[in-house]
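Everything below concerns the one structure shown next.
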Amino acid sequence: MPAKPLGRRRGTKRRVSANEPFRNLMLMLLGIAACLTIGIILAATFFFNGDADTDTSLRHKVQALPHLLRGPNAGIAVPSIESLRRDAGHDDHGVLHDTGAHGDKSDALLLALEQKNQRHDPLTENAPHHDHQQHLKSYPYALEPVAEDYDIGEEFVARGGSRFLEYVDGTPGPYEITETLRQQSDQVARSRRFHVQKAMRFVWGNYVKYAFGKDELKPQSASGSDQWGGQGITLVDSLDTLWLMNLKDEFWQARDWVRDHLDHSTVGSVSVFETTIRDLGGLLAAFDWSKDRVFLDKAVDLGDRLLRAFDGATTGIPWGEVNLASGNRKNIGWSGDNAIVAEFGTVQIENRYLSKLTADDKYAKKTERVYEILDEISYPDGLYPYYLRNDPRNKGKFLRDGVTIRPEFSNDKLTFGAMADSLYEYFLKTWLQGGRKEPLYRAMYDKSIQGMHDQLLQTSTPSKLTYIADKNRNSGTMDHKMDHLVCFMGGLLALGAYTDPLGLDSTRAQRDLQTAKALTYTCYQMYARMNTGISAEYVQFYAGRDFQIGRGAPHYLLRPEAVESFFILHQLTGDPVYREWGWEVFQAIEKYCKTPYGYGALNNVADVNGKPRDSMESFFLAETLKYLYLLQDPDTEVDVLHKHVFNTEAHPLRIFPVIDQESTEQ
Ligand code: DMJ
């Protein structure tokens, strides 16, 4: 039987029950609620699975929290939902190259996150993170110990830049870094560090034999030279390398020379910057590790002589050169009497350490004042042109009725390479040295890194290599080159990310970490793509061709910046790939730069038959060999996150809270 049709029959009056209006109202409300719920679910699905990098990044923030609380970052501030909201507003510029505002979308996402967090504890909700972990692959690169009689000169062949492509954009690696992998990597590293130590023993032995106490060893002609005014620069610069490589007999022999022969009262005019970072930094680090008073006494004497560079400097910016014997000062001739930001902005760590150890704040005060002046005259983008007018002939310009007025920049070139590089490095490191308590320095660092991302960061074609270009601020013209010197930025950005007051998982820190890794990969490519496996002084980027050796810059001066970043990134992330890259670089240096008595700069990194020059800068022993060794030394006491700050010449000094703690323990 067909069912009776329901509903009103035409012409008949419908009977209405007493409950019906209420029931209809309820049904309507239920319908609206259902629509709203579906809408919210759809919106949330879109935001959580959408294409925006920011969304992924914010989701990642919540998912990664448990890992952060347990892992090597335990103790690092966990971002609150308020800080996430703040990030998504002013600080959120997305990941690499995405500087657009995310506005409403981010707000909606944060709202969704807040609602989610009310129902689920973000500190325990990490299922998607587990998913990611499950998709991680095994580390595919062979980890084989190196025999002690392995002949690098015979065996090493540069293998080009076609490997490790998965590291190009700096996103989290596809490989699982397990405890077993770390242990394997440590074992292999110990067999490699033997070879780096052997290189140091070789070059140091020849320095002692042919140039002991001289500024430099000439590695082809087995003689010494004194082009740094006769301060034993190589010896002093090498002290902590000897200590950290456990070459203690050599260290104490060098200490005796410092005690008996190092006499700054006979040294003439020197660069304030170079002498501070190499000589003063070397003495301070030697003291910091050995606690031998000889080093501190010599450092105080040198520090007092260098401090005269501030005498009569009406701008508060020191003179570029000072005569250690007479105290006479002058500007640097070759820079057209301009003061260079990377010079006067890179003397703070050494002078602050001196103040800390002597309880005399004169060193710290004068050099910290430089940062206040820089902050006062800074541009909104936090980037500094590299020349400042500091000319005595323009003295009147800086004085008005006896009051010092603001100094002025005298060019508009923006770079993270030569002449500006370590200024930015010291903003962050000065803050770290003081125990992260002086917000001005961190703010100056963060501002400049934002400016760098907004204005200078580029991606090459076709390989999508990340690089930091130079720029003329006034004309806006970009120069698509990158100095090898810029390669320190990978390590610095990573250090900044791991110590970011917003937390490592903040959008800003994640952006900086990604840039750090991507940039470091580019620096690795600058080595790997050369015939010798060694980088040129700078490379030039061209559309469609990635980079080529810069015009007039095919040489390699034994510089450390790339291996410095490998070391720092390895200490922070534990990814063994940085050890692979460092080992490759070491072998290339061993094969192409080694001479009968040391290691020499190369004229042309494209020429596998070239003869190294008869010159070896002290930073090869102070920095390049030290970083290469520490990278392969799992047993080192050096700890860049909790204990030490490296000055720009790779001299590790304890940070102030550690000094304080250790002095109360004694
Ligand atoms: C070193 O003297 C320092 O690292 C400095 O900050 C820049 N360049 C050299 C090494 O390349």
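The structure presented is a predicted model; accordingly, all values stated were derived computationally and were not measured. The figures here come from the full heavy-atom set of this structure, side chains too, leaving out hydrogens, waters and symmetry mates. As the structure lists them, so they are numbered: ligands from 1, and atoms in each ligand from 1.
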Practice task
Between Glu425 and ligand 1, find which residue part has any heavy-atom pair under 4.0 Å and reply side chain, backbone, both or neither.
Solution key: neither
Subset of ligand 1 atoms that lie under 4.0 Å from at least one heavy atom of [X]:
X      : value
Glu623 : 1 (C), 2 (O), 3 (C), 4 (O), 10 (C)
Ile277 : 2 (O)
Pro560 : 10 (C), 11 (O)
Leu485 : 7 (C), 8 (N), 11 (O)
Glu649 : 1 (C), 2 (O), 3 (C)

Using a plain distance cutoff, I'd like to know if [X] has any nitrogen or oxygen under 3.5 Å from a nitrogen or oxygen of ligand 1.
X      : result
Asp421 : no
Thr648 : yes
Glu274 : no

Handout entry: Test item: Ser290 and Arg255 side chains (from C-beta on) under 4.5 Å apart, heavy atoms
Key = no
Handout entry: Any side-chain heavy-atom pair of Val486 and Glu561 under 4.5 Å
Key = no
Problem - Flag if over 12 foreign heavy atoms under 6.0 Å of CD, Gln227 - result: yes
Handout entry: Aromatic ring proximity, centroids under 6.0 angstrom, Phe541 and Tyr467
Key = yes
Problem - Ring centre gap for Tyr445 and Phe427 strictly below 6.0 Å - result: no
Exercise for the section: Cation-pi check, Lys611 to Tyr592: give yes when NZ or CZ is under 6.0 Å from the six-membered ring centre and within 45° of the ring axis, no otherwise. Expected result: no
Practice task
Identify whether NZ of Lys or CZ of Arg in Lys413 sits under 6.0 Å from the centre of the six-membered ring of Tyr386 and within 45° of that ring's axis.
Solution key: no
Problem - Heavy-atom nearest option to atom 10 (C) of ligand 1, drawn from Glu537, Arg278, Glu561 - result: Glu561
